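Nothing fancy with the numbering, it's 1 onward along the sequence. If you're wondering where the values come from, they're calculated on a predicted model, not measured in any experiment.
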Amino acid sequence: MREHEPLVEAVAPLAELAEKTPKLEGVPTGVPGLDELFFVTEWRDGKPVRRSLGGIPRYAVLQVTGVSDTGKSLMVEQFAVERARHGEPCVFVTTEAPGPFVALSLQLRARAMGVPLDAVDRAVILVDAATHTTLAHDLGTLLSTLAYAIRTYRARAVVIDSLTGFYEAREMQAREIVRPLYSFLKKWHQTALAVSQKRSGHELLTAEAAGGFAVGHILDGSLVLAKQPVLTAQQARLYRIPIGETVRLFRIDGCRMSGHDTATHLLDITPEGLVRIGPRLSDLARGKSSTTAGEEEAE
């Protein structure tokens with residue numbers, strides 16, 4: 001058996017790596033009720049206290065997953081528009097709708113959020129993999145194109161709608177695509193949200209079967225959106241909507257880069273087409289309003 005030489009440059013004490021550790025800060029998402037659900041724990045007067053990050057962790061690569069019509073695309077569009085509000089360029093990769101239709105949708109989201117259209121036009125850079133299908137089928141070309149867009153426009157955020165479009169009908173290869181893409185986004189110091197389609201036959205509020213084979217294990221965390229019909233009087237009382245209506249739900253299914261709320265929340269899509277995160281179901285059951293993670297003392 002051949003002896004292998006050690007890869008010495010892969011070994012380093014934590015103190016040396018800590019010098020390269022990025023500052024933990026929040027990136028506002030433009031989704032009401034979401035930013036407060038990520039936090040860090042600090043010690044005050046000998047007690048652990050949660051401090052809200054005020055957004056998703058900077059440089060996190062998060063999956064936004066759920067079945068169809070749960071608000072996934074709305075959520076990532078709001079994120080892109082919010083980055084534009086802050087003057088932070090965002091690369092928006094579309095594998096679903098062609099570029100002009102995505103542009104129209106982003107403009108609608110901007111109007112609803114009160115963000116000037118010229119700010120969005122300047123700060124959101126579209127990569128149209130729906131029209132230019134080579135990008136969806138050739139990983140090398142995709143990564144080179146992303147590098148060009150990030151470098152040229154000095155982007156700090158990336159949205160992908162959807163990740164599933166890169167491996168439709170070949171889910172067993174999902175890891176081979178998502179792992180290099182995740183490493184690329186980390187190397188280029190991007191904060192990213194990637195939509196993935198979840199099959200409806202699996203558990204409602206987990207990332208199971210989302211985005212292909214074990215994709216959720218590669219990324220930094222998952223935001224899970226769900227919907228279900230209200231069929232019983234008990235459900236109608238809990239959700240406070242009539243029997244026969246559809247309720248939408250939301251939970252954070254893990255985030256390795258910061259603390260996060262673990263409860264299930266109501267999710268609402270407003271008439272203006274904006275997603276917002278509502279109260280915890282546990283608070284609804286007790287007849288209370290939602291309490292944000294940033295206001296809670298850690299247990």
Side-chain angles (χ1 to χ4, degrees), residues 22-40 52-67 70-83 86 88 90-96 146 150 155-167 174-175 177-198 205-212 214-226 249-265 267 275-277 293:
K23 178 184 177 183
L24 182 58
E25 62 179 7
V27 177
T29 63
V31 178
L34 177 58
D35 294 350
E36 297 80 12
L37 301 183
F38 294 88
F39 59 83
V40 293
S52 171
L53 274 182
I56 62 175
R58 175 73 72 182
Y59 310 124
V61 181
L62 301 177
Q63 177 181 212
V64 180
T65 188
V67 297
T70 48
K72 303 183 299 298
S73 291
L74 298 179
M75 180 174 285
V76 299
E77 287 174 3
Q78 285 172 238
F79 175 71
V81 170
E82 186 67 14
R83 302 325 313 134
H86 289 266
E88 185 174 291
C90 175
V91 175
F92 196 110
V93 183
T94 173
T95 66
E96 306 295 338
L146 273 176
I150 291 168
R156 301 190 69 195
V158 171
V159 166
I160 301 173
D161 188 9
S162 70
L163 197 61
T164 318
F166 293 122
Y167 44 80
R175 280 190 173 190
I177 296 167
V178 175
R179 177 73 71 183
L181 183 55
Y182 172 79
S183 298
F184 170 91
L185 293 169
K186 288 296 190 181
K187 174 185 175 182
W188 284 85
H189 297 94
Q190 297 297 298
T191 306
L193 293 182
V195 172
S196 68
Q197 185 71 21
K198 187 171 185 288
L205 279 161
T206 74
E208 179 193 2
V215 165
H217 297 170
I218 296 172
L219 305 184
D220 292 317
S222 295
L223 311 181
V224 183
L225 288 65
L249 304 171
F250 170 84
R251 71 180 293 270
I252 302 170
D253 194 42
C255 177
R256 65 169 69 108
M257 291 187 64
S258 74
H260 63 88
D261 182 283
T262 58
T264 298
H265 293 250
L267 181 146
V275 171
R276 61 187 180 190
I277 308 301

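Taking the salt bridge (Lys or Arg N to Asp or Glu O under 4.0 Å) definition, one finds that R276 meets it with D268, sequence neighbours left out. By the side-chain contact (heavy atoms from CB on, under 4.5 Å) test, A263 is found to be paired with D261, H265, R280, residues two or more places apart in sequence or in another chain being considered. For D220, the salt bridge (Lys or Arg N to Asp or Glu O under 4.0 Å) criterion is met by K186, R256, not counting sequence neighbours. With sequence neighbours excluded, the residues that form a salt bridge (Lys or Arg N to Asp or Glu O under 4.0 Å) with E25 are R58. For Q190, the side chain to side chain donor-acceptor pair (under 3.5 Å) test picks out no residue, with sequence neighbours left out. Scanning for side-chain contact (heavy atoms from CB on, under 4.5 Å) contacts around P180 gives L139, with sequence neighbours left out.
Contact detail for E88 and A157: the closest heavy-atom pair is OE2-CB, 4.2 Å.
Although no hydrogens or angles enter the test, the distance criterion places no donor-acceptor pair under 3.5 Å between the side chain of S222 and the main chain of Q63. The backbone N or O of V275 lies less than 3.5 Å from a partner atom in the side chain of Q78, making a donor-acceptor pair.
In this structure, the side chains of R175 and H217 come closer than 4.5 Å at one or more pairs of heavy atoms. L219 is listed as a side-chain neighbour of L163, based on a closest heavy-atom distance under 4.5 Å. No side-chain heavy atom of L34 sits less than 4.5 Å from a side-chain heavy atom of F79. Within the 4.5 Å cutoff, no side-chain heavy atoms of S52 are placed close to those of D35.
Taking CG of L267 as the reference point, atom CG of L249 lies at 8.0 Å (rounded to 0.5 Å). To the nearest 0.5 angstrom, Y59 atom OH is 7.0 Å from T191 atom OG1. Atoms CG and CG, from D161 and L74 in turn, are 9.5 Å apart once rounded to the nearest 0.5 Å.
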Take I160 and F166 through the side-chain contact (heavy atoms from CB on, under 4.5 Å) test and state the conclusion after the steps.
-> CA-CA 10 Å; I160 301 173; F166 293 122; 3.7 Å; yes
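Ring orientation note: the planes of F38 and H260 are tilted relative to one another, at an angle of 30° to 60°.
Remark: of the listed residues I56, V224, T264, L223, L223 is the sole one forming a side chain to side chain contact (heavy atoms under 4.5 Å, CB included) with I252.
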